[in-house]
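Shown next, in C-alpha cells, is the structure this report addresses.
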There are 2 protein chains.
Amino acid sequence: MRRDVFQAIADPTRRAIIALIAFQAMTPNAIAEHFDSSRQAVSKHLRILTECQLVEQEQSGREIYYTLNAKKMKEIDKWLEQFRLLWENRFSQLDKVLHTLKTQKK
Amino acid sequence: MRRDVFQAIADPTRRAIIALIAFQAMTPNAIAEHFDSSRQAVSKHLRILTECQLVEQEQSGREIYYTLNAKKMKEIDKWLEQFRLLWENRFSQLDKVLHTLKTQKK
DNA sequence: TATATTTGCAACCGAAAGGTTTCATAAATT
DNA sequence: AATTTATGAAACCTTTCGGTTGCAAATATA
C-alpha cells in the first residue's frame, strides 16, 4: 500500500487535518472533535498521512501528538514549480518566445 | 459530479498529462501515445481535468487540442501558501516566536 | 487491583475510481 | 457517396476509498 503525497491531499478532510495541526500538534481525539465523522475515521486519515510522511507522531504517555512534516509539503510545491512561470504571466511561454526572438534580432 | 483540483492531480497519469500539455497543446491521440493505457482511458482523464477546469479545449476541425489552464494550477499554490512559511525554516514558527520575544525585550 | 481513557486495527459495506471494450458521431479523405 | 480518422460516451468490471462498528492493547486513574 504505497502512499503518495498527492493522493493524500486529495481528500478534503485530510487537507483540513493538515491545516489543523500545521501550527499546533494535536491528538487524534482532539482532531476528531473538529469533524463529523468518527474518531476511527480520523485515525484512518492520520494513518494515510503518516504513511506518506506528511505527518509525524510524538508519543506522550498514552497520548499521541500528530505534527505536520512541512518538508514533505515542499514536495507538492516542487512539482508545482515547473508550472509557476506559466501563471506568472510576466514570464509566460509566449512572452519568453517573443523575448528570445527580440534579443536574437539585436 | 463536482470535480476538485486536488482530486484531479491525485492520479499520476493526470499529473503526467498536465506536464505534457503544459507548454504545448496536444490532441487526445497524441497524448495517449505517451501512455500504456488506451486512448479512451486518457480521454476519461481529460474529461476529469476539463471538468475541474485544469484543462481547456480548442477545436480545430475534427481534432481537439487540450491546453493547460495555468490559472487553475494557481489554486493549488494558493492552498500551499499558508504552509510555505513552515518549510522555509528561516521563518519557521519557532523562529517567529523567538523573534517576537526578542524584539519585545528591547 | 479494578476501571476508565486513548488509541490502533480488523472486518464489513456502499460508492467511486480507473481501466477495458463496444458503439455513435462528426469531420476529413478517397 | 463510401471510407477512414478523431473523438466522446456508455456499459461493464475489479480495485480502492472512506465510512462504520466492534475489539484489543496500553497507559492513567480510582
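Below, chain A is the first sequence line, B the second, and so on; all start at residue 1. Note: hydrogens, waters and symmetry copies are ignored here, and every other heavy atom, side chains too, is used.
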> In terms of side-chain heavy atoms of B/Pro28, which of D/dT7, D/dA28, D/dA9 is nearest?
Replying inline: D/dT7

>> Does C/dG19 have OP1 or OP2 under 4.0 Å away from a side-chain N or O of B/His45?
In response: yes

>> Check this for me, if you would: do B/Glu75 and B/Lys72 make a salt bridge, where the nitrogen-to-carboxylate-oxygen distance has to be below 4.0 angstrom?
In response: yes

> A/Leu46 CG to C/dC9 C1': how many Å, rounded?
Replying inline: 14 Å

> A/Gln59 has an atom CD; how far is it from atom C1' of D/dA26, in whole Å?
Replying inline: 9 Å

> Separation of A/Ile48 atom CD1 from D/dT16 atom P, in whole Å?
Replying inline: 13 Å

> For A/Thr27 and C/dT7, is the shortest distance between a side-chain N/O and OP1 or OP2 below 4.0 Å?
Replying inline: yes

> Out of D/dG19, D/dA6, C/dG8, which has the shortest distance to the side chain of A/Ala41?
Replying inline: D/dG19

> Do B/Arg15 and A/Asp4 sit within salt-bridge range, that is, some charged N less than 4.0 Å from a carboxylate O?
Replying inline: yes

> B/Ile9 CD1 to C/dG18 P: how many Å, rounded?
Replying inline: 13 Å

> What integer distance in Å separates B/Phe6:CZ from D/dC17:P?
Replying inline: 19 Å

> To the nearest Å, how far apart are A/Ile64 CD1 and D/dA28 C1'?
Replying inline: 15 Å

> So does A/Arg14 get a side-chain nitrogen or oxygen closer than 4.0 Å to the phosphate oxygens (OP1/OP2) of D/dG18?
Replying inline: yes

> Under 4.0 Å between a side-chain N or O of A/Gln7 and OP1 or OP2 of D/dC17?
Replying inline: yes

>> Expressed as a whole number of angstroms, how long is the span from B/Glu58:CD to C/dA27:C1'?
In response: 18 Å

> Nearest to the side chain of A/Tyr66, which nucleotide is it out of D/dG18, C/dG8, D/dC17?
Replying inline: C/dG8

>> From the set C/dT6, D/dC17, D/dG8, return the single nucleotide nearest to any side-chain atom of A/Glu63.
In response: C/dT6

> Any donor-acceptor pair under 3.5 Å between the side chain of A/Lys44 and the base of C/dG8?
Replying inline: no

> So which of residues 30-40 of chain A are in contact with DNA chain C, with a heavy-atom cut-off of under 4.0 Å?
Replying inline: A/Arg39, A/Gln40

> So, A/Gln59 side chain and A/Gly61 main chain: donor-acceptor pair closer than 3.5 Å or not?
Replying inline: yes

>> Could you check whether A/Arg84 pairs with A/Asp77 (Lys NZ or Arg NE/NH1/NH2 to Asp/Glu carboxylate O, under 4.0 Å)?
In response: yes

>> Rounded to whole Å, how long is the line connecting atom CG of B/Asp4 with atom C1' of C/dA17?
In response: 15 Å

>> With rounding to the nearest 0.5 angstrom, report the NE2 to OG1 distance, B/His45 to B/Thr50.
In response: 12.5 Å

> Are B/Arg47 and D/dA9 close enough that a side-chain N or O sits under 4.0 Å from OP1 or OP2?
Replying inline: yes

> With respect to the side chain of B/Ser43, which nucleotide from C/dA17, D/dG19, D/dG8 is positioned closest?
Replying inline: D/dG8

> Between the base of C/dA27 and the side chain of B/Arg62, is there a donor-acceptor distance below 3.5 Å?
Replying inline: yes

> Think B/Arg3 has a side-chain N or O under 4.0 angstrom from the OP1 or OP2 of C/dA17?
Replying inline: yes

> Does the side chain of A/Gln57 pick up a donor-acceptor pair with the side chain of A/Tyr66 at under 3.5 Å?
Replying inline: yes

> Can you tell me if the side-chain N/O atoms of A/Asn29 get under 4.0 Å from OP1 or OP2 in C/dT7?
Replying inline: yes

> Which heavy atom in B/Trp87 sits nearest to a heavy atom in A/Lys71, and how many Å separate them?
Replying inline: CB-N, 4.4 Å

> Has the side chain of A/Arg39 got a donor or acceptor atom that lies under 3.5 Å from a matching backbone atom of A/Ala32?
Replying inline: no

